[in-house]
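First comes the structure, then the notes that go with it.
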2 protein chains.
Amino acid sequence: MDLKTATEIGKCLSNQTRVQIMEWLKEPEKNFPPHETLKHFNDGVCVTYIQEKSGLSQSTISTYLTNMEKCGLLISTRHGKWSYLKRNEKIIKEYIDFIR
Amino acid sequence: MDLKTATEIGKCLSNQTRVQIMEWLKEPEKNFPPHETLKHFNDGVCVTYIQEKSGLSQSTISTYLTNMEKCGLLISTRHGKWSYLKRNEKIIKEYIDFIR
DNA sequence: CAAACATATCTATAATTACCGATATATAAA
DNA sequence: TTTATATATCGGTAATTATAGATATGTTTG
């Protein structure tokens, strides 16, 4: 990982809500209700659940999640009209190796 | 580590210069000239060297380093009129364990 | 195709951070 | 104890980020 990428990740992790989201996504079944259509958390948690739990506006959370995906922290998968987000453990590991 | 501390650390790591400093301090002997009074890097690198290498003003770097120390990322040791900074590997490990 | 719903993007304002020069403080040296 | 040097803090402006509402886009469903 290069300095620029690491800094972008750092920016995502410089806000309490976004760090919290990363924590929530460690254990979807513990932190979110079950999905109604999809019966699993294989691709993570839908945006709506994250938004509701955060208490922030839809547009704010959408922007957060988009940036977190752009810098590689999250992986987004679309199923029909819903987007699901999960942690990108590979990039997280690369980031950890960079700062360690 | 709690959410608040982790976010403070994230803020320190959300700026390219500060991330760069963390990298430089991994290998002081490679990245900085030898200290003239102190003959070692046991307590890290003096502020002046970090400031000169960064290209930013003395006041800016002093503020950066103070904040990085406050959130635990760096350890500061004073020898006479110089302050030396080194990475706090213990906190770095705790941070890594938190986000992993 | 129209209506409903989920998400993304745009535009704007408030809050925070970046960064500097000036000045204060601490320490050492003369 | 004056002077020089290293670091810290203060006060200000520019830049960036936080956040929301409005609107656009994409997708499903009737």
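The structure presented is a predicted model; accordingly, all values stated were derived computationally and were not measured. A, B, ... follow the sequence lines: proteins, then strands. Residue 1 opens every chain.
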Summary of protein contacts for nucleotides 14-30 of chain D, nucleotide by nucleotide, where a base hit scores B, a sugar-phosphate-only hit scores S (4.0 Å, heavy atoms): ---SSBBBB----SS--

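Listed for the Ser14(A) side chain is a donor-acceptor partner under 3.5 Å among the backbone atoms of Lys11(A). Arg18(B) places no side-chain N or O within 3.5 Å of a backbone atom of Thr7(A) that could act as its donor or acceptor partner. Under the 3.5 Å distance criterion, the side-chain polar atoms of His79(A) are left unmatched by any main-chain donor or acceptor of Tyr84(A). Between the side chain of Gln51(A) and the backbone N or O of Leu56(A), at least one donor-acceptor pair lies under 3.5 Å.
Protein chain B contacts DNA chain C over a range whose 5' and 3' limits, counting nucleotides with an atom under 4.0 angstrom from a non-hydrogen atom, are dT17(C) to dA28(C).
Both the sub-6.0 Å distance and the 45° axial angle are not jointly satisfied by Lys4(A) relative to the ring of Phe98(A).
When the side chain to side chain donor-acceptor pair (under 3.5 Å) test is applied to Arg87(B), the partners found at least two apart in sequence or on another chain are Glu89(B).
Residue-level contact check: Ser83(A) touches the backbone only, with heavy atoms under 4.0 Å from sugar-phosphate atoms and none from bases.
Annotation: the terminal axes of the helix from dC1(C)-dG30(D) to dA30(C)-dT1(D) meet at 20°, where each axis is the rotation carrying the C1' atoms of four end pairs onto the next four (5 pairs per end, rounded to 10°).
Sequence neighbours left out, the pairs with a member in residues 90-100 of chain B that pass side-chain hydrogen bond (donor to acceptor under 3.5 Å, both in side chains) are Lys90(B)-Glu94(B), Lys93(B)-Asp97(B), Asp97(B)-Arg100(B).
Listed in residue order, the members of residues 22-38 of chain A having a heavy atom less than 4.0 Å from DNA chain C come to none.
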